[in-house]
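All remarks here apply to the structure that follows.
Every chain is numbered from 1, with letters handed out A, B, ... down the list of sequences.
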There are 2 protein chains.
Amino acid sequence: MSTPTRAPRNTLSRDLVVERAVRLADREGLGVLTIRALAGECGVKPMAIYHHVSGKEEILDAIVDAVFAEIYAPQVDGPWREELARRSRSVREALGRHPWALALMEARRNPGLATLAGHEACLEVLRSAGFSLQATAHAYAVLDAFVYGFALQETMLAQVDLDGSVDELVESMDLARFPRMHEFATEHVLQDGYAFAASFEVGLELVLDALERLQAAFA
Amino acid sequence: MSTPTRAPRNTLSRDLVVERAVRLADREGLGVLTIRALAGECGVKPMAIYHHVSGKEEILDAIVDAVFAEIYAPQVDGPWREELARRSRSVREALGRHPWALALMEARRNPGLATLAGHEACLEVLRSAGFSLQATAHAYAVLDAFVYGFALQETMLAQVDLDGSVDELVESMDLARFPRMHEFATEHVLQDGYAFAASFEVGLELVLDALERLQAAFA
DNA sequence: ACCTGAACACCGTTCAAGT
DNA sequence: ACCTGAACACCGTTCAAGT
């Protein structure tokens with residue numbers, strides 16, 4: 001008779017814990033990401049987690065930084081407008097793949113290495129393109145506001161879509177009270193995520209146009 | 001001997017519970033907003049709360065809607081650009097007063113009456129100003145993305161400021177690795193919230209300019 | 001009707017113990 | 001060194017009981 005099966009030793013590492021945490025959050029949502037469930041995902045008992053990570057706070061910081069690590073870092077040798085557009089689309093895609101990330105980012109106080117490196121790359125692109133310090137500050141604030149704000153709206157929209165369709169939502173509310181929202185739903189403008197997604201490209205070009213004007217104004 | 005002091009009856013109501021929940025979250029943060037602490041804030045035992053509210057979910061939905069109720073609703077009889085600017089500033093101020101609101105909005109699925117009425121008012125202003133359905137969809141998506149995204153950044157920035165200053169943060173990281181971020185910190189661009197706040201007005205005007213161009217393009 | 005106390009199934013985390 | 005079991009102080013919530 002062999003010894004009873006037991007989780008093999010040295011099978012766990014900080015990186016693996018973080019990877020499994022991301023996987024669990026993607027699959028089941030942030031609410032299910034508990035130390036106990038994470039341990040299950042790693043095939044280990046809850047207390048084993050604490051040998052690779054100081055606690056839940058560190059895990060949350062780490063999975064946020066893991067999302068930033070997936071995002072394209074803009075390059076100084078390319079045209080700044082295309083590089084920042086590519087970065088912006090990449091942010092939106094990453095936040096779409098990990099819908100829990102945005103809510104988490106907001107509450108975290110300790111930015112990780114990938115987070116800092118991403119900011120650094122964006123600032124470097126703007127400064128290298130000749131944006132003054134003032135212009136860079138405004139430009140980065142406006143671009144990031146648009147990108148993260150758009151992702152925020154998509155996250156909220158996706159959550160409403162989960163149970164009832166937008167149609168049902170609108171029908172459930174007083175049509176006399178909210179005629180414009182009804183118009184939007186019936187005209188299929190908000191019907192699916194695709195129509196809304198089209199606004200991202202439109203908005204991105206408008207914001208990049210605005211950055212060009214900023215570059216000139218704060219020279 | 002009088003009867004032992006007891007919390008007077010009929011002192012509680014749904015509105016009072018919601019008001020106290022907002023007050024508690026403002027003062028101590030979302031993490032402290034538990035049913036037990038909320039009961040204490042209302043001068044009552046935990047289980048009394050459940051007589052006025054179905055559970056914590058309803059409380060969270062209600063305090064988000066309470067924040068929307070504080071925000072200026074744009075009017076159709078004013079110039080659309082000024083009305084939307086005033087709305088945008090009011091959103092930013094409200095989210096500044098209640099830093100927990102943004103994180104909560106994101107996860108909620110049931111928009112309240114004040115939330116819906118706010119959306120309706122914005123859509124009405126745009127449509128009345130002659131924006132086509134397409135133009136309205138893009139315009140509202142872009143403007144809201146900017147406003148909420150900016151508030152998101154301010155919330156994050158405020159959280160970092162709480163413990164260490166930005167200076168300390170930058171000194172703690174590798175200067176050779178993040179020279180542009182160091183430049184920003186030393187040049188005082190991110191020094192305080194005020195410098196960053198200036199970007200809001202700059203960005204708002206740029207976005208409103210963009211809406212005017214949208215109005216023409218999607219006529 | 002409104003409020004309460006005790007209990008249940010969860011959480012993150014500490015600490016002493018096993019291999 | 002890595003993993004575990006039992007225990008502690010918390011959650012939200014149910015249910016039966018008091019006034």
- Message: Output the rounded distance in Å from NZ (A/K56) to P (C/dT14).
- Response: 15 Å

- Task: Give a yes/no on whether any side-chain N or O of A/Y50 is located under 4.0 angstrom from OP1 or OP2 of C/dT14.
- Result: no

- Closest to the B/I35 side chain, choosing from C/dG12, D/dC3, D/dT13: D/dT13

- Task: Quick one: sort the B/F68 and B/Y148 rings into parallel, tilted or perpendicular, breaks at 30° and 60°.
- Result: tilted

- How close or far is atom P of C/dT14 from atom CD1 of A/I49, stated in whole angstroms? 15 Å

- Is any side-chain N or O of B/H51 under 3.5 Å from a base N or O of C/dC2, one able to act as donor and the other as acceptor? no

- Query: To the nearest angstrom, how far is B/K45 atom NZ from D/dG12 atom P?
  - Reply: 16 Å

- Message: Distance check needed: D/dC11 C1' versus B/E57 CD, whole Å only.
- Response: 14 Å

- Query: How many Å lie between NE2 on A/H52 and P on D/dC2, as a whole number?
  - Reply: 6 Å

- Message: Among B/T155, B/L33, B/V67, exactly one meets side-chain contact (heavy atoms from CB on, under 4.5 Å) together with B/W100. Which residue is that?
- Response: B/V67

- Item | Nearest to side-chain heavy atoms of B/M47, which nucleotide of C/dC3, D/dG5, C/dA6 | C/dA6

- Quick one: look up who D/dC8 pairs with, Watson-Crick or G-U, both distances under 3.5 Å, and put none if it's unpaired. C/dG12

- Item | Under 3.5 Å on both distances, the Watson-Crick or G-U partner of D/dA17 | none

- Message: Expressed as a whole number of angstroms, how long is the span from B/E58:CD to D/dG12:P?
- Response: 15 Å

- Item | Closest to the A/A48 side chain, choosing from C/dT13, D/dC3, C/dG12 | D/dC3

- Task: Nearest whole angstrom, please: distance from the C1' of D/dG12 to the CG of B/L33.
- Result: 12 Å

- Query: In whole angstroms, how far is the C1' atom of C/dA6 from the CZ atom of B/R36?
  - Reply: 12 Å

- Should the ring pair A/F150 and A/F196 be called parallel, tilted or perpendicular, given that the plane angle runs from 0 to 90° and is split at 30 and 60? parallel

- Message: Taking pairing as Watson-Crick or G-U wobble with both contacts under 3.5 Å, can you name the mate of C/dC3, or confirm there isn't one?
- Response: none

- Message: Looking at every heavy atom in both A/M156 and B/M105, which two are closest together, and how far apart are they?
- Response: SD-O, 3.8 Å

- Query: Do the side chain of B/R20 and the main chain of B/E41 share a donor and acceptor less than 3.5 angstrom apart?
  - Reply: yes

